[in-house]
Amino acid sequence: MSTPYPFTALVGQEDLRLALLLNAVSPAVGGVLVRGEKGTAKSTAVRALSALMPEVDVVSGCRFSCAPDSPDPGCPDGPHEPGAFASRPARMVELPVGASEDRLVGALDIERALAEGVKAFEPGLLADAHRGILYVDEVNLLHDHLVDLLLDAAAMGASYVEREGVSVRHASKFLLVGTMNPEEGELRPQLLDRFGLTVEVAASREADQRVEVVRRRLAYDDDPGGFAARWADEEAAVRARIVAARELLPSVRLGDGALRQIAATCAAFEVDGMRADIVMARTATALAAWAGRTDVLAEDVRQAALLALPHRRRRNPFDAPGLDEDKLDETLEEFSGQNGDEGEDDPDPGPGGGPGGQPEPDDAPQGDTAARPEAGEGGEPQPSGGTGERSPARAAEPFRTKVLSVPGLGQGAAGRRSRARAEQGRTTGDRRPRGALTKLHLAATVRAAAPHQRTRGRRGPGLVVRRDDLRQAVREGRESNLVLFVVDASGSMAARQRMSAVKGAVLSLLLDAYQRRDKVGLVTFRGSAADVALPPTSSVDAAAARLESLPTGGRTPLAAGLLRAHEVLRVERLRDPARRPLLVVVTDGRATGGPEPVALSGRAARLFAAEGVASVVVDCESGPVRLGLAGQLAGELGGTAVTLDELRADSIAGLVKDVQGSRRAA
């Protein structure tokens with residue numbers, strides 16, 4: 001096993017180190033979500049923490065790491081007799097993004113349960129992580145139902161496995177740590193709330209600190225063992241401090257004054273529910289124990305708020321986590337008179353940092369990108385560079401859109417948009433298992449076994465079941481798709497003051513894609529060419545940012561936009577062949593750029609129809625006289641057209657329009 005990088009050798013990242021250490025002191029805090037750009041030592045810090053965790057005593061031979069002094073009465077390997085136990089280092093278990101449900105929670109051997117009456121259970125990662133660390137790198141890319149299972153186990157301290165009436169429960173208490181790069185997509189706000197603390201990390205911009213990072217890393221790579229030995233004393237000191245803080249934790253007093261500050265802070269920042277109050281209370285208590293005190297001070301409450309509240313303030317999926325520190329200080333000051341701990345010395349920050357010193361979030365909201373007045377909005381359009389380009393228009397208020405789905409039955413990554421064969425969902429049929437049986441279709445299995453009971457010599461009420469009788473359930477769920485937006489940013493869109501409404505519609509569709517766990521891409525066309533404003537990505541936040549800054553002006557090279565989109569889909573099909581695309585063209589249907597623009601646009605559109613790409617055209621044409629060009633384009637694409645009004649879920653324009661359009665027979 002390779003020598004981990006020493007935790008105390010990390011340079012900077014005080015908040016990250018402190019959040020990890022507080023969870024090591026009190027796992028009840030609820031874990032840590034580490035958000036940050038790539039190359040910021042997120043994974044290194046988590047793996048380094050495992051070496052600091054105190055050793056654990058376990059019952060010898062127990063696969064579920066029961067404690068000898070208080071074994072789990074429901075342990076599948078129990079009951080345990082008093083006696084032999086062993087000490088071992090606390091484990092750090094990594095959950096791969098592509099793990100299956102059985103790998104996470106464990107697997108019941110349904111074949112043996114039916115054929116032999118034996119309840120055989122193979123433990124999963126949740127059992128391995130009991131009394132240790134469970135680490136999920138790129139947690140934002142983990143499938144939703146796995147995240148739900150993971151966070152439920154973390155909240156309840158136990159894992160439950162149910163398979164066709166056979167159930168197993170075992171203890172599963174662990175320090176949960178997730179890392180993610182927001183550029184690759186966000187977690188849902190509901191899941192963000194389930195992490196106790198969150199930390200934003202970014203590479204230092206200080207030259208001296210960056211030099212020290214490189215120096216230490218090169219020294220570690222040259223001689224991992226020797227480098228770790230030079231930090232052994234510091235590692236031992238922090239390990240001893242964790243043990244001492246754990247022992248002190250039950251004696252820490254959370255007074256009424258501190259509780260009022262916690263409640264007032266959560267109320268002032270309008271966080272939902274009561275989980276934030278509880279997490280703040282546990283974090284403040286852990287901070288006091290880490291500092292070697294038995295009383296919680298106002299400084300502990302402040303630091304707890306900075307770690308526990310930013311990710312709970314996201315009202316909109318595109319909102320960046322953050323906290324107004326001035327407002328926080330005002331709230332704490334207002335209630336400071338009710339705290340009897342005023343005037344005490346600041347706690348010793350010690351290794352890993354301490355209260356205070358929270359840096360500004362790296363992904364704080366950017367400056368206002370409000371558009372200059374356009375024609376009809378109090379002034380003349382403002383040109384840029386003499387090319388007819390207009391400054392970006394602000395998006396109108398987003399709305400809930402109707403469901404646009406890809407026809408047929410796919411088998412792509414799990415999501416919430418189109419029908420697909422899936423591990424989760426409703427049962428639609430059965431088949432013989434290929435490999436290990438995972439989802440038993442009980443009725444089909446009984447039907448297959450029933451005709452053979454006499455020849456198998458059945459005696460008594462039991463059913464004689466053999467391997468050939470077993471049937472796997474075939475289930476239908478939902479998949480995520482690649483939603484590729486092709487947006488007309490030409491002068492014909494801006495001149496009719498439609499761009500604000502168009503951006504609002506696209507932003508609404510992006511919100512829908514976020515909720516349905518899609519990948520998104522953005523192609524724009526104007527002037528004489530088309531650009532890939534955003535290659536396909538899981539980060540709809542990035543697409544929303546590119547949309548907001550989208551300028552308009554010039555002619556309408558519709559064919560160029562469609563051909564560029566076709567190339568994007570071709571490349572993406574090679575990378576991810578199972579993910580089906582949904583093409584969303586946002587235009588008024590005009591084609592004025594390039595030679596023979598109308599004919600070339602038609603030929604480009606028919607490429608998508610020939611390949612069976614599901615498509616929808618959002619018709620942006622307005623005015624009393626309409627040419628119906630967007631509808632003609634939809635016909636060439638083999639898709640359907642919807643107006644901006646019909647796109648709304650609450651529209652009274654008619655029945656819900658499906659992407660299937662004229663291809664319902666597919």
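- We find that Arg302 and Glu325 are joined by a salt bridge, their nearest charged nitrogen and carboxylate oxygen being less than 4.0 Å apart.
- For Ser50, the side chain to side chain contact (heavy atoms under 4.5 Å, CB included) test picks out Met92, Ile133, with sequence neighbours left out.
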Distance-only check: which donor-acceptor pairs under 3.5 Å involve side-chain atoms of residues 18-28, not counting sequence neighbours?
| residue | atom | partner | partner atom | Å |
| --- | --- | --- | --- | --- |
| Asn23 | OD1 | Gly31 | N | 2.7 |
| Asn23 | ND2 | Ala19 | O | 3.0 |

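- Listed by chain and residue number, Lys38, Glu183, Glu184 satisfy the side chain to side chain contact (heavy atoms under 4.5 Å, CB included) test with Asn181 (two or more places apart in sequence, or in another chain).
- Paired with Asp518 under the rule salt bridge (Lys or Arg N to Asp or Glu O under 4.0 Å), one option of Arg417, Arg478, Arg416 passes, and it is Arg417.
- With a 4.5 Å cut-off on side-chain heavy atoms, Ser65 and Arg91 count as touching.
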Derivation of the side-chain contact (heavy atoms from CB on, under 4.5 Å) call for Leu309 and Met280: CA-CA 8 Å; Leu309 295 188; Met280 273 190 65; 3.9 Å; yes

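- Contacts of Arg579 classified as salt bridge (charged side-chain N to carboxylate O under 4.0 Å, His left out), with partners at least two apart in sequence or in another chain: Asp576.
- Under the side chain to side chain contact (heavy atoms under 4.5 Å, CB included) criterion, Arg434 pairs with Arg431, sequence neighbours left out.
- Side chain of Ser87 to backbone of Asp57: no donor-acceptor contact under 3.5 angstrom is found.
- Taking the side chain as every heavy atom from C-beta outward, Thr537 and Lys519 never approach each other to under 4.5 Å.
- Proximity of a side-chain donor or acceptor of Arg35 to a complementary backbone N or O of Thr179 within less than 3.5 Å is not detected.
- Ala171 meets the side chain to side chain contact (heavy atoms under 4.5 Å, CB included) test with Asp72, His130; sequence neighbours excluded.
- Side chain of Arg131 to main chain of Ala90: no donor-acceptor pair is present (N/O by atom type, distance under 3.5 Å, no hydrogens or angles).
- Note: Tyr5 and Tyr220 have perpendicular aromatic rings, judged against thresholds of 30 and 60 degrees for the angle between ring planes.
- In terms of modelled atom types and a separation under 3.5 Å, the side chain of Arg419 and the main chain of Gly477 share no donor-acceptor contact.
- A salt bridge links Arg293 with Asp300: the closest approach of a Lys/Arg side-chain nitrogen to an acidic carboxylate oxygen falls below 4.0 angstrom.
- Between Asp272 and Arg312 there is no salt bridge, since none of the side-chain N atoms of the basic residue sits less than 4.0 Å from a carboxylate O of the acidic one.
- Applying the salt bridge (Lys or Arg N to Asp or Glu O under 4.0 Å) rule to pairs touching residues 279-292 yields nothing, sequence neighbours excluded.
- Residues that satisfy the salt bridge (charged side-chain N to carboxylate O under 4.0 Å, His left out) test with Arg575, not counting sequence neighbours, are Glu572.
- Counting heavy atoms from C-beta outward, Phe7 and Arg239 have side chains that stay 4.5 Å or more apart.
- Atom CG in Leu511 sits 11.5 Å away from atom CZ in Arg516 (nearest 0.5 Å).
- Among the candidates His441, Gln472, Lys439, the single residue satisfying the side chain to side chain contact (heavy atoms under 4.5 Å, CB included) test with Pro433 is Gln472.
- Pairs passing the salt bridge (Lys or Arg N to Asp or Glu O under 4.0 Å) check and including a residue from residues 173-182, sequence neighbours excluded, do not occur.
- Scored by the ring pair (Phe, Tyr, Trp, His ring centres under 6.0 Å) test, Phe174 finds no partners at all (sequence neighbours excluded).
- Side chain of Ser251 to backbone of Thr294: no donor-acceptor contact under 3.5 angstrom is found.
- Legend: salt bridge (Lys or Arg N to Asp or Glu O under 4.0 Å) pairs involving residues 43-55, not counting sequence neighbours, sorted by first then second residue: Arg47-Glu94.
- A donor and an acceptor atom, one from each side chain of Gln13 and Asp15, are nowhere located under 3.5 Å apart.
- The CG atom of Leu306 lies 12.5 Å from the CD atom of Glu200; values are rounded to the nearest 0.5 Å.
- Considering only residues two or more places apart in sequence or on other chains, Tyr135 meets the ring pair (Phe, Tyr, Trp, His ring centres under 6.0 Å) condition with none of them.
- Between the side chains of Thr8 and Glu234, no donor N or O sits under 3.5 Å from an acceptor N or O.
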